[in-house]
Amino acid sequence: MPDDSAPARTPGFSTRLSHAGRAGTHVHGFVNPPLHRGSTVLYPDMQARKDAGAHRLEQHLIYGVLGGPTHWALENVIAEIEGGTRCQIVGSGLAAVTTPLLAFLKAGEHCLMPDSVYGPARGFCDNFLKNYGVETTYYDPCCTAAELEPLFRPNTTLLYTESPGSHTFEVQDIPALAALAHARGAKVLMDNTWGIHFFQPFRHGVDVSIQALTKYVVGHSDVLLGSVTTNSDADWERLRTAAMQLGQYASPDDCWLALRGVRTMAVRLAHQMQSGITVAAWLAGRPEVAQVLHPALPGAPGHAIWKRDFTGACSLFGVVFQPRFSQAAVHAMVESLALFGMGASWGGYESLALPTTGFITRTAGSGAFPGQVMRLHIGLEDPADLIADLERALAVLRAHPG
Ligand SMILES: *Cc1c(COP(=O)(O)O)cnc(C)c1O
């Protein structure tokens, strides 16, 4: 018998990750939700066909493109992680960025984007949205609400945020910026891929949260997926309607793999957070390094806001080299690494190193660095081996003719 006198305990994150999305999914007693594939859904009678459309905002089988039980299991896990009410799974992280932008903006409106936003999101605003009559202004991601306020126009309906920023890891004062946006009648969107569950978007004023599940949720560098999570019925209706009209869809096989990834995410993240901080702290003490852009490192840019708003860190951060090292020297150094692969994306079990100077666009005057910048993703390897690899590579950097 359960002891009713014991105070109810709120389950911890790891416990919730083990159980989320599984209720009511069991088939033949197997632990995991099954994989359901399908386009056609057979209706038992004509009344069911007539009623189907009325259920489009619910988890209800209507037609394959609108999702099925495998999607719902993943949607419920992500909503749980983000602390929101409803979640839409889409085919990539980029689709998770563009779908809510299309849902919450229309011709004649104005959108505010952080200068450090994920590059393809900038491309979408500067080309696609521009062609559809939406204007975008970029703002310094580190600005205060008072500094952002003059950029609001009567037709500003959307404040986009991403914290920390792509490649350069600026931490935004989300609560202050969100309060201003709401006072001006604008929606607040956030790309919360870096924060995953370490940042709870809806507790900090965000209306719509975006995740590239491709990263730590999938965790194995073999699936592309995205999610958009909302926390109000009105936002859900708007997002869900746009996603349906755009035909946004993800393969249930990919959702099933993401569900498998999510069960081990807490242990992977705990390990990778620790290894990331260990490697970042080691790099911060190196004479070749001017600055480490890791919000969890005391003294690093954005550390104070990170400490106030985040409960942890993922294992993606930046390194700024001393100005005396040329781009060619940094490229030679990265190419000499044995354990770090060179490639886009992150959040998998394997470490990655990518020179980012030359791949960073800034138009609001933010993000000037004295030397070459590199991005590191720390995987599940032993941190001592990663540090030894970096130490060998730094010798290549120092020996490079210039
Ligand atoms: C990778 C990434 C995306 C896009 O995810 P894909 O699944 O690769 O399309 C979006 N936002 C951020 C911050 C990312 O790092």
Side-chain angles (χ1 to χ4, degrees), residues 74 78 81-82 87-102 113-125 128 138 141 160-172 174 189-199 201 206 208-229 243 246 248-251 253-255 257-258 261-262 265 269 272 276 293-295 302 306 310 313-318 341-348 350-354 356 359-362 367 373-379:
L74 182 59
I78 303 303
I81 291 173
E82 296 245 64
C87 169
Q88 169 81 41
I89 301 294
V90 293
S92 70
L94 181 55
V97 171
T98 59
T99 303
L101 285 174
L102 288 169
M113 291 293 258
D115 212 13
S116 51
V117 72
Y118 175 66
R122 181 183 277 268
F124 185 75
C125 292
F128 198 102
Y138 293 92
Y160 193 94
T161 61
E162 181 185 329
S163 180
S166 276
H167 291 326
T168 44
F169 304 96
E170 294 88 344
V171 183
Q172 299 198 253
I174 302 287
L189 271 59
M190 179 178 187
D191 185 329
N192 191 34
T193 303
W194 193 97
I196 320 166
H197 76 100
F198 299 124
F199 185 86
V206 172
V208 179
S209 184
I210 292 158
Q211 290 269 356
L213 307 180
T214 307
K215 310 293 165 54
Y216 292 95
V217 171
V218 164
H220 296 75
S221 306
D222 49 9
V223 170
L224 288 139
L225 273 182
S227 66
V228 191
T229 304
L246 290 164
Q248 287 290 0
Y249 179 71
S251 154
D253 303 64
D254 289 346
C255 294
L257 283 166
V262 90
M265 188 172 78
L269 273 175
Q272 286 175 271
L293 308 174
H294 191 315
W306 173 82
F310 288 68
C314 75
S315 64
L316 186 80
F317 60 93
M342 213 173 17
S345 206
W346 42 282
E350 81 295 1
S351 290
L352 298 167
L354 197 65
T356 44
F359 298 91
I360 300 170
T361 308
R362 289 290 187 275
V373 190
M374 169 178 81
R375 188 179 78 174
L376 286 185
H377 170 255
I378 303 303

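Model, not experiment: these values are computed from the prediction. All residue numbers in this chain count up from 1 along the given sequence. In listed order, ligands and their atoms are each counted from 1. Computed from heavy atoms alone, side chains included, the values below leave out hydrogens, waters and symmetry copies.
- Each of the following atoms of ligand 1 lies closer than 4.0 Å to a heavy atom of D191: 10 (C), 11 (N), 12 (C), 13 (C).
- The protein atom (non-hydrogen) at minimum distance from atom 4 (C) of ligand 1 is Y118 OH, 3.3 Å.
- Across every non-hydrogen atom of I174 and V206, the tightest pair is CG2-CG2, 3.7 Å.
- Contact annotation: for L224 versus ligand 1, heavy atoms closer than 4.0 Å belong to the side chain alone.
- Shown in contact with T214 at under 4.0 Å from a heavy atom are these atoms of ligand 1, numbered in order with element: 6 (P), 7 (O).
- With values rounded to the nearest 0.5 angstrom, W306 atom CH2 is found 14.0 Å from F169 atom CZ.
- When the options G119, G165, G91, G93 are ranked by their closest heavy atom to atom 5 (O) of ligand 1, first place goes to G93.
- For W194, the heavy-atom gap to ligand 1 stays at 4.0 angstrom or more.
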Quiz item: Yes or no on side chain to side chain donor-acceptor pair (under 3.5 Å) for E82 and S209, after CA distance, side-chain angles and deciding distance?
Solution: CA-CA 8 Å; E82 296 245 64; S209 184; 2.9 Å; yes
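- The shortest side-chain heavy-atom distance between V117 and V97 does not fall under the 4.5 Å cut-off.
- Ring pair H294/W194 is perpendicular by interplanar angle, where above 60° counts as perpendicular and below 30° as parallel.
- Atoms CG and OH, from L316 and Y216 in turn, are 6.0 Å apart once rounded to the nearest 0.5 Å.
- Contact atoms of ligand 1 toward W346: 15 (O) (distance under 4.0 Å to a heavy atom of the residue).
- Every atom of ligand 1 with a heavy atom of L94 under 4.0 Å away is listed here by number and element: 4 (C), 5 (O), 6 (P), 9 (O).
- Using a 3.5 Å distance cut-off with no hydrogens or angles, the side chains of T99 and Q248 do pair a donor with an acceptor.
- Nearest protein heavy-atom neighbour of atom 2 (C) of ligand 1: K215 NZ, 2.4 Å.
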